[in-house]
Amino acid sequence: DGGITQSPKYLFRKEGQNVTLSCEQNLNHDAMYWYRQDPGQGLRLIYYSQIVNDFQKGDIAEGYSVSREKKESFPLTVTSAQKNPTAFYLCASIKTPDGLNTEAFFGQGTRLTVV
Amino acid sequence: QKEVEQNSGPLSVPEGAIASLNCTYSDRGSQSFFWYRQYSGKSPELIMFIYSNGDKEDGRFTAQLNKASQYVSLLIRDSQPSDSATYLCAVNSWLDSSYKLIFGSGTRLLVRP
């Protein structure tokens, strides 16, 4: 079955530690996105990538980094520079962002907690 | 000004009523508009998408788009308690030389039995 897989589902981070959230899709989608969601809030864009080896900062990129070495994979690293990382992280993909078929498909999310 | 704005709610309607959810957006060049439903602790799921002015119906759901007023809405007929969730409006816009999918903050809908 095609879809987007995020792992882990739950992640605990110690102060000052870098952690990496995985996002893999087998939908052959071109574009991939990372969003952060805080309790009772909407989705805020962290980073996005429309082709391999290229990505752009979203609205809240500080303290995060990404890579897009393969079309299927778009991992997100939460660095120690991100002072308040506790949140629900969502990965999404879109087939072709410049067309009309631009509906996003989401993974199941990773809930990150600082301990 | 936020790029996509929604009333946070909660919007409370009785079972069987019509729920009306609204969204405005700032980028006139936006081409694609989406409504997602999100249950607490879960990822968003696509309910409707609309690209052209007017109405689009799918079962109990109707999306309405008015590009001149930069306004998109979602009507839910015969609301059920299972419709209680947060509804997110999303807009695909050409910004900073690339397409970005921007979400509103969501409207929480509560359907009372």
Side-chain angles (χ1 to χ4, degrees), chain A residues 3-7 9-10 21 23 25 27 29-51 54-61 68 87-113, chain B residues 1-10 21 23-27 29-52 56 58 63 65 85-110:
Chain A
I4 302 176
T5 301
Q6 287 187 243
S7 62
K9 188 173 181 180
Y10 299 96
L21 284 59
C23 179
Q25 55 101 356
L27 300 166
H29 284 182
D30 293 320
M32 297 185 74
Y33 297 73
W34 274 106
Y35 294 91
R36 168 179 171 145
Q37 188 174 36
D38 293 285
Q41 303 296 314
L43 278 62
R44 292 187 291 166
L45 184 61
I46 305 173
Y47 267 99
Y48 59 108
S49 168
Q50 304 200 338
I51 56 172
D54 188 40
F55 48 82
Q56 289 79 37
K57 293 181 179 180
D59 300 318
I60 55 164
R68 187 88 186 275
F88 188 43
Y89 290 85
L90 287 158
C91 179
S93 71
I94 295 175
K95 183 170 176 57
T96 50
D98 57 348
L100 286 181
N101 294 323
T102 55
E103 56 265 37
F105 293 84
F106 283 87
Q108 293 306 300
T110 293
R111 193 165 299 279
L112 174 62
T113 303
Chain B
Q1 180 188 5
K2 287 186 177 179
E3 293 165 355
V4 180
E5 293 207 49
Q6 295 180 254
N7 188 320
S8 61
L21 304 163
C23 173
T24 58
Y25 60 95
S26 60
D27 180 19
S30 299
Q31 297 184 47
S32 315
F33 308 86
F34 307 89
W35 283 100
Y36 286 83
R37 178 175 63 197
Q38 186 179 28
Y39 293 111
S40 181
K42 303 295 184 183
S43 60
E45 55 179 326
L46 183 67
I47 298 296
M48 294 280 295
F49 61 87
I50 186 166
Y51 304 135
S52 304
K56 179 182 179 183
D58 183 2
L65 175 62
T86 296
Y87 289 79
L88 299 165
C89 173
V91 176
N92 194 26
S93 297
W94 177 258
L95 294 168
D96 300 327
S97 304
S98 62
Y99 283 93
K100 294 169 67 174
L101 186 62
I102 306 297
F103 284 81
S105 57
T107 298
R108 192 159 65 92
L109 173 66
L110 177 63

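We name chains A, B, ... by the order of the sequence lines, and we start the count at 1 in each one.
- Heavy atoms closer than 4.5 Å to chain B are found in both the backbone and the side chain of Gln108(A).
- Interface remark: Arg111(A) contributes side-chain atoms only to the contact with chain B (heavy atom separation under 4.5 Å).
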Going through the checks in order, is the side-chain hydrogen bond (donor to acceptor under 3.5 Å, both in side chains) test met by Asn7(B) and Glu5(B)? CA-CA 7 Å; Asn7(B) 188 320; Glu5(B) 293 207 49; over 6 Å; no
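- Using a 4.5 Å cut-off between heavy atoms, Leu101(B) contacts chain A through both its backbone and its side chain.
- Contact tally against chain A (heavy-atom pairs below 4.5 Å) for Gly106(B), Pro44(B), Ser8(B): the top residue is Pro44(B).
- A cation-pi geometry, defined here as NZ or CZ lying under 6.0 Å from the six-membered ring centre and within 45° of its normal, holds between Lys56(B) and Phe49(B).
- Taking OH of Tyr25(B) as the reference point, atom OG of Ser30(B) lies at 6.0 Å (rounded to 0.5 Å).
- Looking at Gln6(A), there are no atoms closer than 4.5 Å to chain B (heavy atoms on both sides), in backbone or side chain.
- Ring-centre distance between Phe34(B) and Phe103(B): not below the 6.0 Å cut-off.
- At a threshold of 4.5 Å between non-hydrogen side-chain atoms, the residues Tyr47(A) and Gln56(A) do not count as touching.
- With a 4.5 Å cut-off on non-hydrogen atoms, Leu45(A) touches chain B through its side chain but not through its backbone.
- Considering only heavy atoms from C-beta on, Ile46(A) stays 4.5 Å or farther from Tyr35(A) through its side chain.
- For a residue to count as touching a neighbouring chain, one of its non-hydrogen atoms must lie under 4.5 Å from one of that chain's; by this rule Gln38(B) touches chain A with the side chain only.
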